[in-house]
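Remember, it's a predicted structure, so these values are computed and weren't measured experimentally. Lettering follows sequence order; numbering is per chain, from 1.
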Amino acid sequence: MAAPRVAVVGGGLAGLMTTIKLAEAGVAVDLFSIVPVKRSNSVCAQGGINGAVNVKGENDSPEIHFADTCRGGDFLAHQPPVKGMCYAAPGVIHLFDRMGVTFNRTPEGLLDFRRFGGTLHHRTAFAGATTGQQLLYALDEQVRRHEAAGVVKKYEGWEFVGLVRDDNGRCVGLTALDLRSMKPCAFGVAAVVMATGGPGLMFGRSTNSIINSGSAAAAAYMDGADYGNGEFIQIHPTAIPGMDKLRLMSESARGEGGRVWVPKRAGDDRAPASIPDGERWYFLEEKYPKYKNLVPRDVASREIHHVCVDLGLGVGGDMAVYLDLTHVPRETLKRKLEGILEIYEKFTGDDPTTTPMKIYPAVHYSMGGLWVDYERTSDGFLNLASSRNQATNVPGLYAVGECEYQYHGANRLGANSLLSCVYAGQVAGPAVLACLGASKAAGETAASLLEASERKWTERFAELGKRDGPENPYRLADELGKVMLENVTIVRDNNKLRETDAKLLELTERWHKAGVLDQGTWANAPLSFLNQLWNMLHLARVVTLGALTRDESRGAHYKPEFPKRDDVNWLKTTVATFTPERPRLRYDSVDVSLYAPVERRYD
Amino acid sequence: MARKTIALRIKRQDSPTSRSRWEEFSLPWQANMNVVSCLMEIRKHPVTRDGHATTPVHWEASCLEEVCGSCTMLVNGKPRQSCTALIDSLGDGPVTLEPLTKFPVVRDLQVDRSPMFDALKRVKAWIPIDGSYDLGPGPRLSPAEQEVSYAFSRCMTCGCCMEVCPQYNDKSDFMGPAPIAQVRLFNSHPTGRMNARERLEEIMGKGGLVDCGNAQLCVEACPKDIPLTEAFGELGRQTTLLWLQQLFGR
Ligand SMILES: Cc1cc2nc3c(=O)[nH]c(=O)nc-3n(C[C@H](O)[C@H](O)[C@H](O)COP(=O)(O)OP(=O)(O)OC[C@H]3O[C@@H](n4cnc5c(N)ncnc54)[C@H](O)[C@@H]3O)c2cc1C
Ligand code: SF4
Ligand code: SF4
Ligand code: FES
């Protein structure tokens, strides 16, 4: 019998860390990614990665990091995995340091840390304003080393389309589409790890890379994997409005002293520099004197929305507020924020060191994702020898990174995502190994299963490839994005959510009348997109119906009709199971045994 | 005054082996458009300027903020990222889009840049750590050293420098500026330095540093202002030293 292989789908931070852990243990990995892994969405992360290394004499500790994360997530995350992550965080940062990440340094040559939202400590390590890029490259380099040694085989330019499951429901492989030849091919493996990132494209424009369709996680969901807390979508308070994308203005701009304000008088059209301090309203500082501009993201987004929509005080009557860095010394800006300020200038033509930036909230991150399990120890950590960690409900199928739901509860704290991706990878590696050890009997995947899956997908794409209906799939996607953005983001209303679900059903109907636009058989992006769109529409229902059902406000989920958090009825994980008619929702209790829920206040 | 329409001339090629052709498109002008948003408009209305139905133009893009390197192409003849190519900064004439010429075309504006990734393997562009478990902090670095290394660590394998380099072409073995500059990055790291010799040996031979004609074009083309030729100078010194050591049998 050949040695077992494991498939990792996705080469962002989470997928690459998982790959490294498996390769180090000598397990051969097939690594799938739509783009060369070095171009994954993780490159976009700007601000940094959290870990309570405590280098500023602030008595920071993993325990405080853990408490901040639970509270930031409004207590919806199971606490043992969060605890495990926060205690592992300093080690994660040191690991990257050893891999050669060019983290910013203190004069003594130690790692420098900055402040981020939702905490009072300097806990965020950073490499200029391109931390995600630097961390991703470090892992990419290590994986290249394992690739050169023949342990990892990369399938870049391949798109995962579905699972292969045996008669017992076990995941024994996957089918992926070669995006050049457009031929689906089935791979038999001992386990599959999903690491496919977030679903920003579901909302049309977001801060995410445009390959983040969420369609891979949706495909796994439609093949039987449960989806957790789908309704929790993070809206980042500060993004640069744009036609093709809403580019992020990192929280680090506020971490380094950036102040958010609007002119006190509606329609004040003076240049910002000529508006005296007394005529500016620093609304976050006024309402939240303790955390000021660094309140958590959901709070800041709602306040900005309120100021622009309800009070009509947006700059120039637009949906925009100022984010002002003009008082910060130029030298500091250059040293710590150069990358992001460059992006602003590149896309708007204004220099943020002399003119306040105009920003508005944008869809940024999904706290929800594929449901995964864990096994805790009696002292509240993860049992790292357990095959249950990061395991979905489908035996043999694992999930890590933004595509799973486990670490952030109802709202993610800034700079905790890169950490959760890497930590999940570190946990998933040993968990998959334990799973391989336990399932020796599984053996090789039956050829008949692979052939059947390959046939199914070949027929599917042949059928899609002939579609010549009148609807344009990209315009349908625009409509999807528009309705989701309007009704399922910062403020949610039950009637609007019902209308949204009806619209999703209408779009699903119209999808059947969509043409493929290109009937060619080589590098046909519209063909793959048509299939993705089907998955996106189904995932959008999970998000919308989850939001409709949850009658409370918690973290990123805010309903004015139910403005309070309701722990009696809703301190529960939403778990969605696919059925052809509609997602079936179930509510599981949350392990909050380590830190009893308290009211979440930042004023 | 802002224009009302945007004219695009796009070089198209259905597959690696088919002949290329030009197609022209005309789109309504909108504020803040970049080349990527034009290509997105085209796939929503895939019709040429003369009203003929066509297929959506094929291209690569991901981050849309000039950090992933995917969307590189020739915009009006210049290699650059199409996501930061703002239409209003491209003059009034038609905007011409072509694939990079130094890499094989996959389709339309997408090329195959795998030679760049292969070269990274060849020069061992990584720090050979003992393992990914927690072994405590890494080596200390001064802020000044960090700053120098950071510049090189931003290389996004976009290929602009390769495109303009006269020495990098299908008749030469030269591995090109980007991978060579990475040797500078890894050889300056306290741990990476331990394997400096292996990397230097890779760039001392055929296809390595000696093939660079020092035309400096790469530096000008790099969107991340990576000091490529400075790196070549430094590596030149390192390789000479190593060569001398080898000559005297050490
Ligand atoms: C602009 C921006 C700034 C951010 N800043 C920060 C920050 O400062 N700190 C922080 O902690 N977090 C930040 N985040 C969040 C963080 O970057 C992401 O959550 C994280 O990088 C996700 O990593 P990942 O490994 O889960 O997935 P990704 O990096 O998104 O990678 C997904 C991978 O899956 C592959 N893939 C997807 N679908 C398929 C398919 N069907 N078949 C095959 N492969 C597929 C892709 O090719 C890719 O390789 C930021 C996010 C954005 C968008
Ligand atoms: S200096 Fe000139 S020859 Fe050398 S790598 Fe750069 S462009 Fe090529
Ligand atoms: S050195 Fe510059 S131009 Fe060359 S690949 Fe890297 S980023 Fe692109
Ligand atoms: S899309 Fe990433 S660089 Fe342009």
Which bit of [X] comes within less than 4.5 Å of chain A, counting heavy atoms only: side chain, backbone, both or neither?
| X | answer |
| --- | --- |
| B:Pro46 | side chain |
| B:Arg113 | side chain |
| B:Phe117 | both |
| B:Ala125 | backbone |

Any idea which of [options] has the most non-hydrogen atom pairs under 4.5 angstrom with chain A?
| options | answer |
| --- | --- |
| B:Asp108, B:Asp130, B:Leu86, B:Thr191 | B:Leu86 |
| B:Ser114, B:Ala144, B:Gly136, B:Pro190 | B:Gly136 |
| B:Leu135, B:Asp14, B:Leu185 | B:Leu135 |
| B:Glu145, B:Met33, B:Gln182, B:Met156 | B:Met156 |
| B:Gly192, B:Ser37, B:Cys63, B:Ala53 | B:Cys63 |
| B:His58, B:Glu65, B:His189 | B:Glu65 |

If you count heavy-atom pairs within less than 4.5 Å of chain B, which of [options] leads?
| options | value |
| --- | --- |
| A:Gln142, A:Arg475, A:Glu108 | A:Arg475 |
| A:Leu248, A:Thr348, A:Asp244 | A:Asp244 |
| A:Asp97, A:Ile20, A:Ile343 | A:Asp97 |
| A:Val35, A:Val53, A:Leu110 | A:Leu110 |
| A:Asn208, A:Asp478, A:Ile34 | A:Asp478 |

Salt bridge [X]-[Y], side-chain N to carboxylate O under 4.0 Å:
| X | Y | value |
| --- | --- | --- |
| A:Arg145 | A:Glu141 | no |
| B:Glu41 | B:Lys44 | yes |
| A:Lys38 | A:Glu147 | no |
| B:Glu147 | A:Arg105 | no |
| A:Asp112 | A:Arg335 | no |
| B:Asp118 | B:Arg122 | no |

Cation over ring face, A:Arg247 and A:Phe347, 6.0 Å, 45°
yes
Side chain, backbone, both or neither: which part of [X] has a non-hydrogen atom closer than 4.5 Å to chain B?
| X | answer |
| --- | --- |
| A:Met99 | both |
| A:Pro36 | side chain |
| A:Pro107 | backbone |
| A:Gln46 | side chain |

Is a donor on one side and an acceptor on the other found under 3.5 Å between the side chain of [X] and the backbone of [Y]?
| X | Y | value |
| --- | --- | --- |
| A:Gln134 | A:Phe103 | no |
| A:Arg205 | A:Gly242 | yes |
| A:Lys245 | A:Thr207 | yes |

Side chain to side chain, A:Asn104 and B:Tyr150, heavy atoms closer than 4.5 Å:
no
